[in-house]
Amino acid sequence: MAVLAPTGDFRTSYRADTTIFPTLGSRAALWAGLAVLCFAPLVLDRYFLGLLINVGTLSIAALGLNILVGFSGQISIGHAAFFGLGAFASAWLHERFGIPVLLCIPIAGVMTAVVGLVFGAPAARLKGLYLAIATLAAQFILEDFFARAQWFTGGVSGRITESPVIGGFAFDREESYFYLVLAFVVVMFVAAANLMRTRDGRALVAVRDHYLSAEIMGINLAYYRTLSFGIASFYAGIGGALYAHHLLFVSVEAFNILFSIQFLGMVIIGGLGSIMGSLMGAAFMVALPEVVQSGADAIAGGALDRMLKIGGNISFLREMAIGAAIILFLIFEPDGLARRWKLIKAYWKLYPYSH
Amino acid sequence: MGDHAPILQADSVSLRFGGIRALTEVSFAVRQGEVFSVIGPNGAGKTSMLNIVSGRYRPTEGRILFDGGEITRMRPNRRAAIGIGRTFQNLALFGHMSVLDNIMVGRHHLLRSGFLSGMAWWIGGAQREELAHRREVEEIIDFLGIQHIRKAQAGTLSYGLRKQVELARAVALRPKLLLLDEPMAGMNLEEKEEMARTILDLNEEWGMTIMMIEHDMDVVMDISHRVMVLDFGRKLTEGRPEEVLVHPEVRRAYLGEDDAAPAETVPA
Ligand SMILES: Nc1ncnc2c1ncn2[C@@H]1O[C@H](COP(=O)(O)OP(=O)(O)OP(=O)(O)O)[C@@H](O)[C@H]1O
Ligand SMILES: [Mg+2]
């Protein structure tokens, strides 16, 4: 490995040293990426925009789970239930009280956070497998609540939601909704990056890395273990609300444990403890079924298809692909896509002197 | 130096783990401004005593007073704010964090931004606060001479460097009383001398009272104002280094000799 740092990486003030994206190149790439995304609705068709919107809503929730699992070292197998809670809460707030949808989304986030704090309270005492079981209970309790609370969720028939409107302009098409989600993604990701470079974010990581010495440093373990559940749920709630006002319909069955496992898959594949990794993981999880689908299309009708009797049953293939991806990542790239990306960047930075 | 009122007082402290008596009726006082060392053979209860002062263990009996108030049952995370910092015998850094972040965690109780103002970085004053504390942390980094590793991941460092980072982190708390559990274990002679100088600087220039466990008798004799000897959970004796060293029980129990001349030279 090269020991001498490449040029352009010298910071001369503490302020410059605390930026989220430390190098000039990474910041330029970020702005360029955002600029390109701003043009996406002009060039991409509806279907692709819909996929990008899904990446956005899921990545916000995945980021929340990453703060809980990756940064705080805890576990939750009930994240999808909180995602669902945010979706229903936002739809319900709008219909019941006539609150503008754009306000409903953050309020739904706060409501979800409060419920998350309640279910996260055992985290102050439980760890590892016991905590996992406690969050599993949250998953089932909330799912059961969704099925029973007709006033809130619409019961088996589900709940119709509406599009956000600002001053007469409705975000009711993929083209416009895309910008809304993009704005939320930027705000939520910047907030998380800020959190991780300040007191409470460091405290979360400290509790993860060595809770005994964190306590000696003045950190209240129970507070931070519970807080991370609150933050994770807030992110899940925001993501869920955005999801609800995009699909315009929320069904009770959507937020099951498989979905929760998918969220875990996103943070594992993206990279535990990596903010941008949450986005990559969500993108991977959205792209995977598309790839599987096109693969299935390619072999449809062929000999292989007849032999395996796959037919149109893509959902089965999809679950298998997700499971395989998680296992492969755990074995070969436990630090996720974010690390792979870093390695690639490092390679090009030092090119042609790598190795 | 060591001639002020006590900052820390242990009042007949006992600690039992089931049938094991880790400490039995130990009383002592650490005076404001002194370097107070605790020595004793393995398993004597030294770390247990430190754990009681830092709040990790609660004594089965007895009281701990700090700065005039009783802290026997105070939760450990409250003790940073009243001025107690410590390092651990077995390294206890936040392994995945950078050295800088490790030391910034030491500022935790001095920082005010919560998660909301932290998330809002530019608006709630979090940025200003971070930069102000960063400056102080850099002073500590300069003082310990670890500038070159400030961006390194703590878990990847060598043993000696990790010990230094742990000390930096404890110093960042700005404690009145600094507890050091074998700060020089596993170091070579040069590193030990460096560490001894650092501890003296912290004591004399930064005004910190030091309570230190250390096995290296040269160092203990060199830099301590007073020494307490523990053996099998009991206090054998306490006094100035040269007094302790000639105590017959100490020579038998700790230095493992019967009547040979003291192996360590007593500093003038
Ligand atoms: N958490 C614990 N549970 C049970 N026994 C303990 C615990 N902590 C310490 N002990 C016991 O208390 C006694 C004193 O241990 P302690 O760690 O305080 O010794 P020490 O003087 O620091 O020794 P060393 O020089 O090896 O560090 C030992 O017998 C030890 O086994
Ligand atoms: Mg010990």
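Just so it is clear: chains get the letters A, B, ... in the order the sequence lines come, proteins before strands, and each one is counted from 1. These values consider heavy atoms only, across backbone and side chains, with no hydrogens, waters or symmetry-generated copies.
Atom-to-atom distance recorded for B:Ile71:CD1 and B:Arg79:CZ is 4.5 Å, nearest 0.5 angstrom. Distance check: B:Ile199 CD1 to B:Met208 CE gives 12.0 Å after rounding to the nearest 0.5 Å. The distance from the OG1 atom of B:Thr198 to the CD atom of B:Glu205 is 11.0 Å, given to the nearest 0.5 Å.
Judged purely by atom type and a 3.5 angstrom limit, B:Glu214 uses its side chain to pair as donor or acceptor with the backbone of B:Met184. No side-chain donor-acceptor contact under 3.5 Å links B:Asn77 to the backbone of A:Ala214. Counting only distance, with no hydrogens or angles, the side chain of A:Asp209 and the backbone of B:His96 share a donor-acceptor pair below 3.5 Å. Between the B:Tyr57 side chain and the B:Ser48 main chain, no donor and acceptor come within less than 3.5 Å of each other. Judged purely by atom type and a 3.5 angstrom limit, B:His109 uses its side chain to pair as donor or acceptor with the backbone of B:Leu173. Remark: side-chain polar atoms of B:Lys46 are paired, donor with acceptor, to backbone N or O of B:Gly40 under 3.5 angstrom.
Listed in order of number, the residues of residues 224-232 of chain A that approach chain B to under 4.5 Å between heavy atoms are A:Tyr224, A:Leu227, A:Ile231. Close approach to chain B, defined as a heavy atom under 4.5 Å from one of its heavy atoms, is seen in A:Val190, A:Ala191, A:Asn194, A:Leu195, A:Arg197, A:Thr198, A:Arg199, A:Asp200, A:Arg202, A:Ala203, A:Val205 of residues 189-205 of chain A, taken by number. The stretch residues 123-130 of chain B places B:Ala126, B:Gln127, B:Glu130 near chain A, each with some heavy atom under 4.5 Å from a heavy atom of that chain.
Looking at heavy atoms from C-beta onward, A:Leu63 lies out of side-chain contact with A:Val185 at the 4.5 angstrom threshold. Between B:Val13 and B:Phe28 the shortest side-chain heavy-atom distance does not fall below 4.5 Å.
Proximity to chain A (any heavy atom under 4.5 Å) is restricted, for B:Ser113, to the backbone atoms N, CA, C and O. For B:Leu111, the parts lying under 4.5 angstrom from a heavy atom of chain A are both the backbone and the side chain. With a threshold of 4.5 angstrom between heavy atoms, A:Tyr223 approaches chain B through side-chain atoms but not through N, CA, C or O. Interface remark: B:Ala81 contributes no atoms to any contact with chain A (heavy atom separation under 4.5 Å). Contacts between B:Leu91 and chain A at a heavy-atom distance below 4.5 Å involve the backbone alone (N, CA, C, O). Residue B:Leu116: no heavy atom, backbone or side chain, is found under 4.5 Å from chain A. Heavy atoms closer than 4.5 Å to chain A are found in the side chain of B:Phe88, but not in its backbone.
For the 3.5 Å distance criterion, the side chains of A:Gln74 and A:Ser72 fail to qualify, holding no donor opposite an acceptor. With 3.5 Å as the limit, one finds a donor-acceptor pair spanning the side chains of B:Ser54 and B:Arg86. A side-chain donor-acceptor contact under 3.5 Å links A:His210 and A:Ser213.
More than 12 non-hydrogen atoms from other residues, nucleotides or ligands lie less than 6.0 angstrom from CH2 of B:Trp122.
Among B:Arg169, B:Met119, B:His133, B:His108, the residue making the largest number of heavy-atom pairs under 4.5 Å with chain A is B:His108.
Judged as a salt bridge (charged side-chain N to carboxylate O under 4.0 Å, His left out), the pairs with a partner in residues 136-150 of chain B (not counting sequence neighbours) are, in order, B:Arg107-B:Glu136, B:Arg134-B:Glu138, B:Glu136-B:Arg174, B:Glu138-B:Arg150.
Annotation for B:Asn42 and B:His215: closest pair ND2-NE2, 3.9 Å, computed over non-hydrogen atoms.
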